[in-house]
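Only this structure's heavy atoms are used, side chains among them; waters, hydrogens and symmetry mates stay out. Read the numbers this way: they start at 1 and go in the same order the structure lists the ligands and their atoms.
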Amino acid sequence: MSVVVLISGRGSNLQAMLDAGIPVSAVISNRADAPGLALAARRGIATAVVEHRAFASREAFEAALGAEIDRHAPRLVALAGFMRVLTPAFVARYAGRIVNIHPSLLPEFPGLDTHARALAAGATRHGCTVHFVTAQLDHGPIIAQAAVPVLAGDTADSLAARVLVQEHELYPRAIRWFLDGLLELNDGEVRVKGNHAQMVHGNRL
Ligand code: GAR
């Protein structure tokens, strides 16, 4: 019972999952040049490319993507830097078993350029969120979050790097909770069975 990971780029969260021993059965990218594909191949993991550009519509792309996912009959689909917006129909197909990591403390800063936007807004803390994916972009039930301080002199890059360290801890841990059957989803709220912190404060916040 394994995880299919969807990526579009670097794949550092994928690497963190693999290093943490998460059972990843396949990695699928919508971009053939995603460096994360080579990383997966080096570890002997099946890879596939489903290029969104090759399809005339979002629905046609998602039909191909879903077929590729379902070949592996995963228990969980994990988005790790997968930069395509998914339709409600696609999300419904994997309801309750598709998760994402987002580089902000949701509900703050959904969407793109989260680190620059946090700086521009004068935020004193920032972070990342693992959540179930629902039809509304970056608004699904929150599984876990990690916060870091925003420091004087931070740039979007320095802040992103500080958050990324937390992403690499948080995402494998949340996926492990899912695989261990510890997550309960009720009325849009996630509860973790046992004594597990759903909010983590990193870097001496
Ligand atoms: C990560 O910071 C992830 O949180 C973000 O993209 C980066 C991917 O890095 N995801 C999003 O912005 C989703 N909207 P990685 O490829 O090295 O894991």
Side-chain angles (χ1 to χ4, degrees), residues 3-20 22 24 26-43 45 47-52 58 62 65 76-87 90-91 94 98-121 123 125-148 150 154-176 199-200 202-203:
V3 181
V4 166
V5 181
L6 305 190
I7 64 168
S8 298
R10 180 176 55 183
S12 72
N13 276 288
L14 164 68
Q15 178 160 12
M17 288 176 210
L18 297 175
D19 289 348
I22 298 296
V24 175
V27 175
I28 305 171
S29 174
N30 65 308
R31 297 182 57 112
D33 61 356
L37 285 171
L39 183 122
R42 279 199 299 277
R43 305 240 187 163
I45 293 165
T47 62
V49 176
V50 182
E51 269 188 302
H52 61 277
R58 203 175 279 277
E62 290 182 348
L65 181 61
L76 180 70
V77 178
L79 312 184
F82 183 69
M83 305 306 276
R84 301 301 298 170
V85 173
L86 297 167
T87 66
F90 185 88
V91 171
Y94 299 101
I98 180 167
V99 294
N100 180 45
I101 188 157
H102 181 78
S104 79
L105 293 172
L106 291 173
E108 290 169 21
F109 311 117
L112 299 175
D113 299 323
T114 55
H115 309 300
R117 285 161 58 213
L119 288 175
R125 61 174 214 157
H126 186 45
C128 54
T129 302
V130 178
H131 64 94
F132 282 105
V133 176
T134 57
Q136 197 184 355
L137 183 72
D138 297 334
H139 276 80
I142 291 171
I143 299 167
Q145 295 185 300
V148 299
V150 177
D154 260 337
T155 62
D157 284 349
S158 66
L159 187 53
R162 191 173 310 119
V163 170
L164 195 62
V165 171
Q166 299 300 319
E167 294 189 37
H168 295 165
E169 292 285 324
L170 193 73
Y171 208 5
R173 190 180 319 140
I175 289 173
R176 183 63 70 190
M199 173 54 103
V200 176
N203 300 80

Next on the checklist: If only side-chain N and O atoms count, and only distance matters, is there a donor-acceptor pair under 3.5 Å linking H168 with S12?
Outcome noted: yes

Checklist entry - Does Q166 reach the side chain of P103, with side-chain heavy atoms less than 4.5 Å apart? => result no

Item to check | Numbered atoms and elements of ligand 1 in range of R10, under 4.0 angstrom, heavy atoms | outcome: 9 (O), 15 (P), 16 (O), 17 (O)

Checklist entry - With a 4.5 Å heavy-atom cut-off, do L18 and I45 have their side chains touching? => result yes

Next on the checklist: Looking only at protein heavy atoms, which one is nearest to atom 14 (N) of ligand 1, and what is the separation?
Outcome noted: H102 ND1, 3.8 Å

Checklist entry - Do Q145 and V200 have side-chain heavy atoms sitting under 4.5 Å apart? => result no

Next on the checklist: Could you tell me if the side chain of E62 sits less than 4.5 Å from the side chain of L86, heavy atoms only?
Outcome noted: yes

Checklist entry - Considering only the protein, which heavy-atom contact is closest to atom 12 (O) of ligand 1, and what is its distance? => result P103 CD, 3.4 Å

Item to check | Element-labelled atoms of ligand 1 that are located less than 4.0 Å from some non-hydrogen atom of S12 | outcome: 15 (P), 16 (O), 17 (O), 18 (O)

Checklist entry - Heavy-atom contact under 4.0 Å between I7 and ligand 1? => result no

Item to check | Heavy atom of Q15, distance to ligand 1 below 4.0 Å | outcome: no

Next on the checklist: How far is atom 4 (O) of ligand 1 from the closest protein heavy atom, and which atom is that?
Outcome noted: E167 OE1, 2.8 Å

Checklist entry - Quick one: salt bridge (Lys or Arg N to Asp or Glu O under 4.0 Å) pairs with a partner in residues 26-41, sequence neighbours left out? => result R31-D33

Checklist entry - Closest non-hydrogen protein atom to atom 8 (C) of ligand 1, residue and atom name please, with distance? => result G81 CA, 3.6 Å

Next on the checklist: I'd like to check which ligand 1 atoms, numbered from 1 as shown, lie under 4.0 Å from a non-hydrogen atom of N13.
Outcome noted: 1 (C), 15 (P), 17 (O), 18 (O)

Next on the checklist: Pairing donors with acceptors under 3.5 angstrom, does anything connect the side chains of H131 and H102?
Outcome noted: no

Checklist outcome for this item: Closest to atom 16 (O) of ligand 1 among protein heavy atoms sits G11 N, 2.8 Å

